[in-house]
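This report concerns only the one structure given below.
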Amino acid sequence: MTEPKPFVNIRNAQKSYGTLEVLKDISLQVARGEIVAIIGPSGSGKSTLLRAINDLDPLTGGEVWLEDTQINKKLPHRQYEKHINQVRQDIGMVFQHFNLFPHLSVRENVTLAPKLLKGLSDDAAEALAREQLDKVGLLDRIDYYPSRLSGGQKQRVAIARALAMKPKVMLFDEATSALDPELVEEVNLVMKKLAEEHMTMIIVTHEMGFAETVCDRVIFMDKGVVVEEGPPSKIFRNPDNERTQNFLRKHLANANR
Amino acid sequence: MNLDFSVIPAYLDVVLLGAVWTIAITVAAALLSFVGGIILAVIALYAPLVVRLPFRLFAWLFMGTPLLLQLFLIYFGLVQIGIDLPAFVAGVVGLGLHFAVYNSELIQTSILAVDRGQMEAARTLGLSRGQALRKVVVPQAVRDVIPPIGNNMIALLKDSALVSVIGVSELTLSAQLAIGRTYRPFEFYLLAAVVYYVINLGMEAVQRRIERRIAAAR
Ligand SMILES: Nc1ncnc2c1ncn2[C@@H]1O[C@H](COP(=O)(O)OP(=O)(O)OP(=O)(O)O)[C@@H](O)[C@H]1O
Ligand SMILES: [Mg+2]
């Protein structure tokens, strides 16, 4: 079997804060269109790994590649800034706490970056905003300010904002963790829709059910290493590693409480 | 009691013209102090040390010395190095920079209070740090700082009386002019006080309108 060329390629990622080693030599390849879930206990380094992909938390060692571009390549400061701003346009990110821009309307949240960075005209930006908001089912909220949206709506706008840059890959860091339980599903539905469109996605999540139905592959991390990875059926139903088993057992117990 | 307010009408036009100058100086200096305050705040927080230090010195100079002295320095002192500003301009520059330093302190605090996630979200979309500051962080910081800046601007209005000493015929100097002709200090200082108060009310009304507009956009 020939492996497809990796789309996102993390090679020997290391990250330390002082003497605290948060990522210990992690390698991870994601193919185009693949949907990968990263699970693991709190503090295991999931966010750090995800945020290393767009260099929000720069690695202290190792490489991150998107297609043929090394994201974290060594460059003089000025050139590096230019490079990273360009690369980040291709990498959408969705945060646990949405981070919508509260001083801008929903429309402006979605169009800010495309207008600024791609020089979209007002008309083109309007069409783009409508297209993306329609996709997340919030076209009727286009004139609202974020403060008037529910948490689920905010996160859907945040997804639309990221999609408006037409990214090649989407990163989700616990996109539904801050939501009231009844609002989780509407965000999950949007993510499922993206999955059907074969968006490449890397999803840090505590929702095992969602990971199981949507993702092609599950990565279990603990203490800065990838302990086990495989298809969801394998990881969730029949994990090899004891740490994986323990984590899932505890997690299930918590979820049922 | 020896008060005679009947002298006022004859000099009302002089005093009101003074009021117009006071408003002009206050508005111009307020704008300068606002824009200057934002620029100074961004420099203080983000510029490299070589840029930051001289501005730090500048801020210290403007906060640690009397405004009156600063006005003298700008109007009389700068002439010696070939910068001959008209009195009105010198007054606006002096008042504007002085209050820019105070506004900058407020804006810095406010910028630091903007959630870190805002900068992060902007950067992940591909905005540069400058773009993120300009479009995302600073607008939010400024929005939050409008009420305290409004208070600074009331102080600015009151301190604008100081520019009378460099010969701008604003409200206080105009009142003095009328007093020189009529020897009626109480009447005209009282009149000037009333006019200051009215301008003050006007500024508060403007501030409330701005705050309402901001609140509507939340
Ligand atoms: N800026 C920082 N300085 C020091 N330590 C940090 C910093 N950021 C993260 N850490 C540490 O790195 C480790 C991994 O953090 P990370 O946020 O990646 O974990 P996580 O797997 O995402 O956890 P959670 O499920 O709670 O989000 C933790 O021990 C955390 O305390
Ligand atoms: Mg995390």
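Chain naming here is simple, since letters A, B, ... match the order of the sequence lines and numbering starts at 1 in each.
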Exercise. If you tally heavy-atom pairs under 4.5 Å against chain B, which of Leu56(A), Ile91(A), Asn54(A) wins?
Worked result: Leu56(A)
Seminar exercise, completed: If one checks every heavy atom of Arg161(A) against chain B at 4.5 Å, the contacting part turns out to be both
For this session: Just do the salt bridge (Lys or Arg N to Asp or Glu O under 4.0 Å) check on Arg130(A) and Glu126(A) with the steps written out, would you?
Result: CA-CA 6 Å; Arg130(A) 292 182 159 274; Glu126(A) 176 70 17; 3.0 Å; yes
Problem set entry | Side-chain donor-acceptor contact under 3.5 Å, Thr172(B) with Tyr196(B) | yes
For this session: Output all residues satisfying side chain to side chain contact (heavy atoms under 4.5 Å, CB included) with Glu204(B), sequence neighbours left out; order by chain, then residue number.
Result: Ile154(B), Asn200(B), Leu201(B), Arg208(B)
Problem set entry | Part of Glu81(A) within contact of chain B (heavy atom distance under 4.5 Å) | side chain
Exercise. Are Glu207(A) and Thr176(A) linked by a side-chain donor-acceptor pair shorter than 3.5 Å?
Worked result: yes
Exercise. What residue, out of Asn99(A), Asn85(A), Ile84(A), has the most heavy-atom pairs lying under 4.5 Å from chain B?
Worked result: Asn85(A)
Exercise. Of the backbone (N, CA, C, O) and the side chain (C-beta and beyond), which part of His103(A) lies under 4.5 Å from a heavy atom of chain B, both, or neither?
Worked result: both
Problem set entry | chain B contact via Phe101(A) - which portion, at a heavy-atom distance below 4.5 Å | both
Exercise. When you check the side-chain N and O atoms of Asp173(A) and Gln96(A), is any donor under 3.5 Å from an acceptor?
Worked result: no
Seminar exercise, completed: Honestly, the part of Leu100(A) sitting under 4.5 Å from a heavy atom of chain B is backbone
For this session: Answer with yes or no whether the side chains of Glu105(B) and Thr109(B) bring together a donor and an acceptor at under 3.5 Å.
Result: no
